[in-house]
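First comes the structure, then the notes that go with it.
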Amino acid sequence: MASFDCVVRNGTVVTASDTVACDIGIVDGVVVALGRDLPAGRREIDASGRLVLPGGVDTHTHIEEPAKGPARNADSFDTASASAAAGGTTTVICFARQPRGGTLADKVAAYHELAKASRVDYSFHLILTDPTPELLERELPPLVEAGHRSLKIFLTYEGAKVTDAEALRVLAAARRLGALVCVHAEHNDLIEFYRDALLAAGLTAPKYHGWVKPMVVERECTHRIIAMAEALDTPIQVFHVSGAESAEEVARGQARGLKVWAETCPQYLTLTTADMDRPGFEGAKFIFSPAARTTADQEALWAAIRAGVIGNVSSDHAPSRYEGPDGKKAHGEDAPFTKVPNGLPGLATRLPVLFSEGVSKGRIDLQTFVAITATNPAKLFGLHPRKGTIAVGADADLTIWDPEKEVTITNSLLHHGSDYTPYEGMAVKGWPVTTLVRGTVVCDGGEIATAPGGGRFLARDPYPLIAPRGVFPGPFNPVDGVPA
Ligand code: URP
Ligand code: ZN
Ligand code: ZN
């Protein structure tokens, strides 16, 4: 009788700390043995000549989220999870959004229903767009208790942004409830000032998306939210750090001992302002926020990754189609950049682009690659050690990786709902060949191997990493109204 449901044999297992040649024995979706010459499994997967990595954990994905009409998010959980599986990602955290002036609990319940079509495991951040006392004191506590242990606020975007006063109330509530606040940090009034001036000057092409939000817009806001988090002794994650100056703000906060974490995304490591200036309307494919920066910013971001200042590289997968009435061209090819839906698809390409640009080109080592794509995000969001590593007792979420495979990226490889990829034609070295979620092969040789569904919701229990430090900048704790 076979000892294991599945054995992944003869591979080189890579974690954030080690590289070891060994087999992996799986029972009931969990890793139960790591060792040489394990007995036969009912299913045998030969990983000779391959790396076996923890399945990717992508903690910033917009899936089937309502968009501002007529735009539409191009993915369902069916297509997004197929795309995740094809790209070696086995866990996603996506967003349930409070409608402005509305309740969150109903939206969370509806989102749980949609997510049942996911092939990969999932958890939710809760986007707070209207943090009323009713929401923070009554609706939110049971939602956090039920395992939605991260909140997201926007400091820009009409219809989503919160004021500084509201951001402070969210930080205070998160501190009391034991949730991590994730922040989209851009100075809204400054963006609107630039926007009005650009439109008045007739500067409307896609490339002016880069002009409307230069680095200072993000740098100032990153500084501000870190200061607010410091004042309230509340840990935060700064989303999508796009360049040197914001990374410096994060590093300064960390040097003061604050629990400030940061992510960047492959687009900030590979695309530049020049992409928004591609011929015709094509630059619209590269409209996302914050905007792409310079090659010098890219090198600063790689340095911040190597220094541990940026610990997480997520996709910020926010797909629109390019063609059609609900995509980038929804308002026509002459539409000003302000009318173009923000965001780009990136779930499937996150790992291959990062591996190729990072590991294959010698900018980071394998351990760092695993750390920033799986282990650190799993730790930061309370999913570790079940997710983000390969260890006895962990879920058997595995990506079998061919480090030598050379692929030219094209949209048809990616299985998402968008009709384009910003990386069309990019040559990469290193590619995921087989992806397993809890021991089940979900993608093999580029083919999706399971029907929609099968992914599980990951409720997150309280965890110590995001506990406040108990340190305030003054003698008073303004969250609890007591001396510090
Ligand atoms: O352009 C982007 N990133 N769109 C998605 C929403 C966000 O800002 O994260
Ligand atoms: Zn954002
Ligand atoms: Zn986002």
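When reading the values below, keep in mind they use all heavy atoms of this one structure, side chains included, and skip hydrogens, waters and symmetry mates. In listed order, ligands and their atoms are each counted from 1.
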Specify whether an N/O/S atom of H62 falls short of 2.8 Å from the Zn ion (ligand 3).
->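 Yes - counting backbone and side chain alike, H62 has an N, O or S atom under 2.8 Å.
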
With atoms numbered from 1 as shown, which atoms in ligand 1 lie under 4.0 angstrom from a non-hydrogen atom of [X]?
X    : answer
A318 : 4 (N), 5 (C)
H60  : 9 (O)
F288 : 1 (O)
H240 : 8 (O), 9 (O)
H62  : 5 (C), 6 (C), 7 (C), 9 (O)

So which bit of Y157 gets within less than 4.0 Å of ligand 1, heavy atoms only: side chain, backbone, both or neither?
->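 Side chain only.
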
Proximity of N342 to ligand 1 by residue part, where a heavy atom lies under 4.0 Å |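 For N342, backbone and side-chain atoms both sit under 4.0 Å from ligand 1.
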
Below 4.0 angstrom, N of the basic side chain to O of the carboxylate: do [X] and [Y] qualify?
X    : Y    : value
D395 : R386 : yes
R438 : D397 : no
D78  : R119 : yes
E424 : K285 : no
E218 : K213 : no

Test applied, side-chain hydrogen bond (donor to acceptor under 3.5 Å, both in side chains); reference residue, H60; option that passes from E263, H317, R350, H240 =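 Between H60 and the candidates, side-chain hydrogen bond (donor to acceptor under 3.5 Å, both in side chains) is satisfied uniquely by E263.
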
Of all N/O/S atoms in D316, the name of the one nearest the Zn ion (ligand 3) =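 The Zn ion (ligand 3) is closest to the D316 atom OD1, counting only N, O or S.
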
Would you call the rings of H125 and F239 parallel, tilted or perpendicular if under 30° counts as parallel and over 60° as perpendicular?
->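 Perpendicular.
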
For ring pair (Phe, Tyr, Trp, His ring centres under 6.0 Å), just list the numbers for Y463 and F381, CA-CA rounded to whole Å, side-chain angles, deciding distance to a tenth of an Å, and then say yes or no.
-> CA-CA 9 Å; Y463 54 108; F381 289 98; 8.1 Å; no

Closest non-hydrogen protein atom to atom 1 (O) of ligand 1, residue and atom name please, with distance?
->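 Result: S289 N, 2.8 Å.
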
Among protein heavy atoms, which lies nearest atom 3 (N) of ligand 1, and at what distance?
->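 The answer is D316 OD2, 2.6 Å.
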
Check whether any N, O or S atom of H184, backbone or side chain, sits closer than 2.8 Å to the Zn ion (ligand 2).
->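 So H184 does bind the Zn ion (ligand 2) by this criterion.
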
